[in-house]
Amino acid sequence: MEPPRVTSTRLVYENRWMRLHEDRTESADGRPGLYAWVEKPPAAVILPIDGGGVWLVEQFRHPPKARFWEFPQGAWEDAPGADPEELARGELVEETGLRAQRMERLGRLFFAYGMSDQYFDVWLATSLEPGPQRLELTEHGLRTERFALANVERMIAQGAIADAASVAAFGLWHLRS
């Protein structure tokens with residue numbers, strides 16, 4: 001089946017973090033359509049695992065107006081073409097202060113490809129060394145804590161970790177371990 005043809009596109013809104021597009025489309029049988037989607041730079045989700053534990057971050061997320069536990073993650077809006085491993089290492093240091101001697105790319109997933117083009121690479125970070133965090137202003141109040149792997153599984157089952165990217169990254173790691 002042929003994808004719809006884009007007949008016109010317009011930029012509806014943009015800021016430092018994203019661009020909202022609106023595409024007018026036409027299906028193979030001539031029916032018109034409208035599709036809005038968000039453009040965002042590539043991201044990284046990092047699983048910092050040492051021994052039987054894993055490091056998580058907890059932070060406030062504005063849309064649901066609540067704090068959640070998740071794996072360290074992020075994108076570099078000012079450097080969308082950054083090397084994926086450099087991005088992952090940078091986000092790990094920024095949010096947790098941890099430096100990884102070893103990084104292994106586990107795969108690439110999308111946050112929500114029905115509404116955004118943003119993908120993320122999943123990284124396993126091991127041989128961790130502590131250091132100072134380098135939080136951005138938007139990460140004020142972020143905290144880091146180490147949890148036993150069994151506790152992370154319970155947190156996912158109980159909804160304490162509700163971030164789809166974190167759950168998917170953990171599942172990807174679990175399939176490979």
message = Assess whether a salt bridge exists between Asp163 and Arg61, defined as any Lys/Arg side-chain N lying under 4.0 Å from an Asp/Glu carboxylate O.
response =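 Arg61 and Asp163: not salt-bridged.
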
query = Charged N to carboxylate O below 4.0 Å: is that the case for Arg143 and Glu58?
reply =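 Looking at Glu58 together with Arg143, the answer is yes, because their closest N to O distance falls below 4.0 Å.
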
Distance-only side-chain donor-acceptor flag, [X] / [Y], under 3.5 Å:
X: Gln73; Y: Glu95; result: no
X: Tyr13; Y: Asn15; result: yes
X: Trp37; Y: Asp117; result: no

Within a reach of under 6.0 Å around [atom1] of [X], are more than 12 heavy atoms found that belong to other residues, nucleotides or ligands?
X: Arg134; atom1: CZ; answer: no
X: Phe60; atom1: CZ; answer: yes
X: Glu2; atom1: CD; answer: no

Give, for atom [atom1] of [X] and atom [atom2] of [Y], the distance between the pair rounded to the nearest 0.5 Å.
X: Leu149; Y: Leu47; atom1: CG; atom2: CG; answer: 9.0 Å
X: Glu22; Y: Leu34; atom1: CD; atom2: CG; answer: 4.5 Å
X: Gln133; Y: Leu98; atom1: CD; atom2: CG; answer: 9.0 Å

task = Output the rest of the hydrophobic cluster of Trp76: all Ile, Leu, Val, Met, Phe, Trp and Tyr residues reachable through side-chain heavy-atom contacts under 4.5 Å, sorted by chain and number.
result =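 Hydrophobic cluster check, Trp76: joined to Leu87.
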
ask   = What do the steps show when you test Asp23 against Thr25 for side chain to side chain donor-acceptor pair (under 3.5 Å), and what is the final call?
value = CA-CA 6 Å; Asp23 292 348; Thr25 62; over 6 Å; no

task = Just say parallel, tilted or perpendicular for the rings of Phe170 and Trp173, cut-offs at 30° and 60°.
result =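 Answer is tilted, since the angle falls between 30° and 60°.
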
